[in-house]
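All remarks here apply to the structure that follows.
Chain letters run A, B, ... following the sequence lines, proteins first, then strands; residues in each count from 1.
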Amino acid sequence: MVQFRFLRRIPMTVRTRFAPSPTGFLHIGGARTALYCWLEARRRGGEFVLRIEDTDRERSTEEAVKAILDAMHWLDLDADEAPVYQTHRLDRYKQVAEKLLAEGKAYYAYESKDEIEAMRDAAMAKGEKPRYNGYYRDRNEAFREDPNRVIRFRNPQEGSVVFEDKVKGRIEFANSELDDLVIFRSDGWPTYNFAVVVDDIDMRITEVIRGDDHVNNTPRQINIYHALGAPVPEFAHLPMILDKEGKKLSKRTNSVSVMEYREDGYLPHAILNYLVRLGWSHGDQEIFSREEMVKLFDTADVNKAASRFDTEKLNWLNQHYLKSDEPATLVPEFEWHLQRIGIDASKGPAPAEVIVALRDRVHTLKEMAERAKIWYSPITEWDDKAVAKHLQNDSAPRVLDEAKALLAAVEWQPEPIHQVIEQVAARLELGMGKIAQPLRVAMTGTQVSPSIDHTIYLCGREEALKRIDAALVRARG
RNA sequence: GCUCCCAUCGUCUAGUGGCCCAGGACACCGCCCUCUCAAGGCGGGAACACGAGUUCGAACCUCGUUGGGAGCGCCA
């Protein structure tokens, strides 16, 4: 055990964990928790690990595990170790519970669920908190086969539990408010509050970062740490994320799954940047690179109050990254979106050039893909108003004829094309509006598009000339 | 009902007793630029929940009120 003693002398490494229960997809609140755990570990040179809390065998699914892992991967929140699955650790929980039993820190109880419920109703009727009355606490009943057999933790009755939450500050609970919670269910599986503590001890977690819906569980868990003679980690309870109306986020009215945000066209780092600023800040700074987040983030600077999810601001950030990222780095995600709407990116302009043309005009890659359609497939719809206004007038046919002639021979690059348009304007003595709009309708069937030179350029010469011909038919028709 | 938590512009927030008749960002409005739509530039309106204290002085400290939220499971 020489090695062991040596290890003890090494300063404790910071370890954080993200512990989702696989009963659904990774939602946006969970993503923020994971981000904060990840950042805290990275900043302090520590380790970030994952634990799958799958002891609820009714609701946990394989698909959900995969969905969560996929989302974490997409966000690039990498864990330092393989995930720990609670269902693989049943023997360990049993072992720890036996120890507590042997030391008199836990006991068997045999009430049925109905009896427990009646107990709670009675307490409520008296204006008290619904809780266990401690019937078996001092009865020292031995183990016996019984469908109702559970193991309860013998919670201290005197004094109080105080902890210094890194975001909320000092929090105190009187032990008299706590009852003897079940740590092992009658089905032979441990309960959440027990498994979490055993796992966090075994996984050497030094800072527990989780949603503040867990604040009320914390004193119970601390008492279990004490009973087990284990050091208590630090706690940081993050406030909730509410929807735009200030209500709890729900699937009905919001996108909640991280992967839905992907489908909606958001960039992973835009989501991360949005999330890091939702509940945390560093002065007036809004834009944070991954490196800056890692350098600056601190759970101690997290806000105490709940915050609302604002899609408008996410949109702004997403566009910010669309505009400032190197286009080439956006291509894979963009192509993913093109493919989703049935566009074959190989049959049209280079995606990077399309990105440059559209990034000032859209907030998401989904929108971008939709608008990119005009360069990858033929025009199928014509905006009647656009046709009537910009094609069916005196100058349009002349503009189109003239442009067609010049475009047929020009070097196919945005700049020469731009010069062609200016030449047309000069020759026909017309303003740019009179030139650009008919061409725009010709190229797109609508009166809205990126700058006309780029719009034409991206069509490709052959297609551009074909579209001018088609427009001439309409202009004269 | 009981316990715990929270409270600055519409939203995210800066602010830790004087630098604040409160700063930034998103959104909104106006102007400029302009081949459309955007993007961009410039400017504008917009908040310390309320009431008592403490203090020479309070967005910041204390108490109360009101309003929100979470939890009170053999779910996590």
Do A/Arg152 and A/Tyr132 meet the cation-pi criteria used here (NZ or CZ under 6.0 Å from the six-membered ring centre, within 45° of the axis)?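 Yes, a cation-pi geometry.
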Distance under 6.0 Å and angle within 45° of ring axis: A/Arg170 vs A/Phe163: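 Cation-pi check for A/Arg170 and A/Phe163: fails.
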Output the rounded distance in Å from [atom1] ([X]) to [atom2] ([N]).
X: A/Asp212; N: B/U3; atom1: CG; atom2: C1'; result: 15 Å
X: A/Asp453; N: B/U34; atom1: CG; atom2: C1'; result: 13 Å
X: A/His320; N: B/C12; atom1: NE2; atom2: P; result: 21 Å
X: A/Tyr93; N: B/C74; atom1: OH; atom2: P; result: 18 Å

Could you work out the separation of [N] and [M] based on their [atom1] atoms and round it to a whole Å?
N: B/U34; M: B/G69; atom1: C1'; value: 49 Å
N: B/G10; M: B/C19; atom1: C1'; value: 29 Å
N: B/U8; M: B/C35; atom1: C1'; value: 45 Å
N: B/C60; M: B/A22; atom1: P; value: 15 Å
N: B/G43; M: B/C50; atom1: P; value: 31 Å
N: B/C63; M: B/U54; atom1: P; value: 15 Å
N: B/G51; M: B/U66; atom1: C1'; value: 10 Å
N: B/G30; M: B/U16; atom1: P; value: 36 Å

Under a 4.0 Å threshold between the charged nitrogen and the carboxylate oxygen, would A/Lys113 count as salt-bridged to A/Glu115?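 No, A/Glu115 and A/Lys113 are not salt-bridged.
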Using purine N1 to pyrimidine N3 plus N6-O4 or O6-N4 for Watson-Crick, or N1-O2 and O6-N3 for G-U wobble, both under 3.5 Å, which nucleotide pairs with B/G51?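 B/G51 is paired with B/C63.
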Name the pairing partner of B/A22, where a pair is Watson-Crick or G-U wobble with both distances under 3.5 Å, or state none.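 By the stated definition (distances under 3.5 Å), nothing pairs with B/A22.
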Is there a side-chain contact between A/Lys304 and A/Pro239, using heavy atoms and a 4.5 Å cut-off?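 They are not in side-chain contact.
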Side chain of A/Ala305 - closest among B/A14, B/C5, B/C6: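 Nearest to the side-chain atoms of A/Ala305, counting from C-beta on, is B/C6.
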